[in-house]
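Side chains are part of it too, since the values below use all heavy atoms of this structure and drop only hydrogens, waters and symmetry mates. Residue numbers start from 1 in every chain, and the chains themselves are labelled A, B, ... in the order their sequence lines are given, proteins ahead of strands. What you are looking at is a predicted structure, and each value in this text was computed from that prediction instead of being measured.
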2 protein chains.
Amino acid sequence: MPNNQFKKGELYSFITGKASTAIARNLQKKFNTAGLKITIEQWSVLYHLWKEDGKSQQELCNATFRDKPSITRLVDNLEKLQLVKRVPSGNDRRINLIYLTKQAQKLQEETMGLAEATLNEALEGVPQDRIEICKEVLQVVYDNLR
Amino acid sequence: MPNNQFKKGELYSFITGKASTAIARNLQKKFNTAGLKITIEQWSVLYHLWKEDGKSQQELCNATFRDKPSITRLVDNLEKLQLVKRVPSGNDRRINLIYLTKQAQKLQEETMGLAEATLNEALEGVPQDRIEICKEVLQVVYDNLR
DNA sequence: GGCATATAGTTAGTTAAACAACTAAATGAA
DNA sequence: TTCATTTAGTTGTTTAACTAACTATATGCC
């Protein structure tokens, strides 16, 4: 018995993720306006390296929910921008460990401030308890499909 | 006074839209498995044409939250697949009206069933009232940033 | 009518995602 | 030790998004 909670007219936004698209575009514009020449996707990789760098590309795949070719090319472009460096692992010669450069470390504070500003705009007028419920529902969706 | 509702550790999923990415991938896999050779993005255009075709490309931009070059190329590819046809508007020679072919009309029922199945999997175990709140929050986010 | 402006759509260039096919290195079982 | 399997990462191809620059047509003001 399917839980037929969705009427057809309601399918669209959930599938296409208009809200997260709007958030990403807003943040990308803030980056551009601030003269920060990085993409949202590059930022999402840096985000996990700021928590702790020296991660392998595979670990970045898991953290960012991207496949291996996507991470290969994102790391390629981040290396071109001199924001990260690939360092071969001593233990396992298949593995690259990805380290932040000094320039990337400088980006953290500024971009995090812009990201918080975007979320504050996005969620203006939404009570905290409803935000919590929304986050929890999205987490279940992710866990159900992963 | 900003409503500083997000702590740093909670930024990531909201911005990157992992839940909607998971939904879109799941549905794309269902299309592939069923032998339906369309992308989610193409489906999102067809979705609005199934409601009513003969829309202009600009109307499709607004409906799908995409810019004009994206719609130009999606319509290009849908035309190559013989799923839509561009028809010049009689009133305004700048405008193309986009009409579904018979083949596209046949796709509607099957793809809508798969989309509902994806959403039922995604939302399994989530009570209806929490789904409603989540949808409303995402709508506010979209309205706030659009 | 004539001209500035706005609107509809296209084209070009860069970045990214999905998939398949590939190389190199590590693992594990006989 | 050897050989199949697994894991880490790369490369090639197609589709799509974003920006900027462009063409063609319509609108509105004088």
Side-chain angles (χ1 to χ4, degrees), chain A residues 16-18 20-33 36-46 55-81 83-84 86-98, chain B residues 16-18 20-33 36-46 55-81 83-84 86-98:
Chain A
T16 58
K18 280 162 73 167
S20 53
T21 302
I23 289 173
R25 282 187 200 164
N26 180 287
L27 181 54
Q28 182 70 64
K29 266 183 202 157
K30 283 185 167 50
F31 286 171
N32 296 345
T33 301
L36 303 175
K37 302 203 184 314
I38 61 171
T39 66
I40 297 299
E41 293 83 3
Q42 291 165 0
W43 177 85
S44 80
V45 173
L46 295 177
K55 289 187 163 78
S56 71
Q57 295 188 196
Q58 183 59 54
E59 287 171 321
L60 289 173
C61 291
N62 300 336
T64 63
F65 197 41
R66 292 185 160 83
D67 66 3
K68 289 192 290 179
S70 296
I71 290 296
T72 292
R73 271 136 189 169
L74 281 169
V75 172
D76 285 349
N77 285 333
L78 286 166
E79 258 192 335
K80 276 184 212 156
L81 292 168
L83 294 173
V84 306
R86 283 178 169 96
V87 177
S89 164
N91 304 332
D92 185 333
R93 288 194 302 165
R94 296 170 302 178
I95 293 179
N96 296 328
L97 301 177
I98 312 300
Chain B
T16 57
K18 280 162 72 166
S20 53
T21 301
I23 289 173
R25 280 186 202 165
N26 180 287
L27 180 54
Q28 181 70 64
K29 267 182 201 154
K30 284 186 166 53
F31 286 172
N32 297 345
T33 301
L36 302 174
K37 302 202 184 316
I38 61 171
T39 66
I40 296 299
E41 293 82 3
Q42 292 164 0
W43 177 85
S44 80
V45 173
L46 295 177
K55 289 188 163 78
S56 71
Q57 293 188 198
Q58 183 58 54
E59 285 171 324
L60 290 173
C61 290
N62 300 336
T64 64
F65 197 41
R66 291 185 163 83
D67 65 5
K68 290 193 288 181
S70 296
I71 290 295
T72 292
R73 265 130 193 174
L74 281 169
V75 172
D76 285 350
N77 286 333
L78 286 166
E79 258 192 335
K80 277 183 210 155
L81 293 168
L83 293 174
V84 306
R86 285 180 168 96
V87 177
S89 164
N91 305 332
D92 185 333
R93 291 193 302 167
R94 294 170 302 179
I95 293 178
N96 296 328
L97 301 178
I98 312 301

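Distance from the side chain of A/N77 is smallest to C/dA16 among C/dA16, C/dT10, D/dT6. Each of D/dG9, C/dT11, C/dA17 was ranked by its minimum atom distance to the side chain of A/N96; first place goes to D/dG9. Among the nucleotides C/dT11, C/dA17, D/dA8, the one closest to the side chain of A/E41 is C/dA17. Closest contact between the side chain of A/K68 and the listed nucleotides D/dA26, C/dA8, D/dG9 involves D/dG9.
Neither OP1 nor OP2 of C/dA8 sits under 4.0 Å from any side-chain N or O of B/R86. B/T39 has no side-chain polar atom (N or O) that falls below the 4.0 Å cut-off from OP1 or OP2 of C/dA18. Considering only side-chain N and O atoms, B/T72 lies under 4.0 angstrom from the phosphate OP1 or OP2 of C/dT10.
Taking atom CZ of residue A/R94 and atom C1' of nucleotide D/dA8, one finds them 6 Å apart after rounding to whole Å. In this structure, CG of B/D76 is placed 16 Å from P of D/dT14, rounded to the nearest angstrom. Rounded to an integer number of Å, the gap from CG of A/D92 to P of D/dG9 is 8 Å. For B/Q57 and C/dT11, the CD to P distance is 11 Å, given to the nearest whole Å. In this structure, B/L97 places its CG atom 12 Å from P of C/dA8, rounding to the nearest Å. Rounded to a whole Å, the CZ atom of A/R25 is 12 Å from the C1' atom of D/dT19. Atom-to-atom, CD of B/E79 to C1' of C/dG9 comes out at 13 Å; the value is rounded to the nearest Å. The distance from atom CG of A/L60 to atom C1' of D/dA8 is 13 Å, rounded to the nearest whole Å.
For the pair B/E41 (side chain) and B/L74 (backbone), a donor-acceptor distance under 3.5 Å is absent. A donor-acceptor contact shorter than 3.5 Å links the side chain of A/Q28 to the backbone of A/I38.
The residue B/Q28 sits apart from the nucleic acid: no heavy atom pair falls under 4.0 Å.
Residue side chain B/R73 does not reach the base of C/dG9 through any donor-acceptor N/O pair under 3.5 Å, judged by distance alone.
A donor atom on one side chain and an acceptor atom on the other are not found under 3.5 Å apart for A/T16 and B/S44.
Checking B/L74 against A/P69, the closest nucleotide of DNA chain D that is more toward the 5' end is the one next to A/P69. A residue-by-residue look at A/D67 and A/R93 shows that A/D67 has its nearest nucleotide of DNA chain C further toward the 5' end. Checking B/I95 against A/K80, the closest nucleotide of DNA chain C that is more toward the 5' end is the one next to B/I95.
Closest approach of A/F31 and A/I40 over heavy atoms only: CE1-CD1, 3.8 Å. Contact record, A/K68 with A/Q58: CD-OE1, 3.3 Å, taken as the closest heavy-atom pair.
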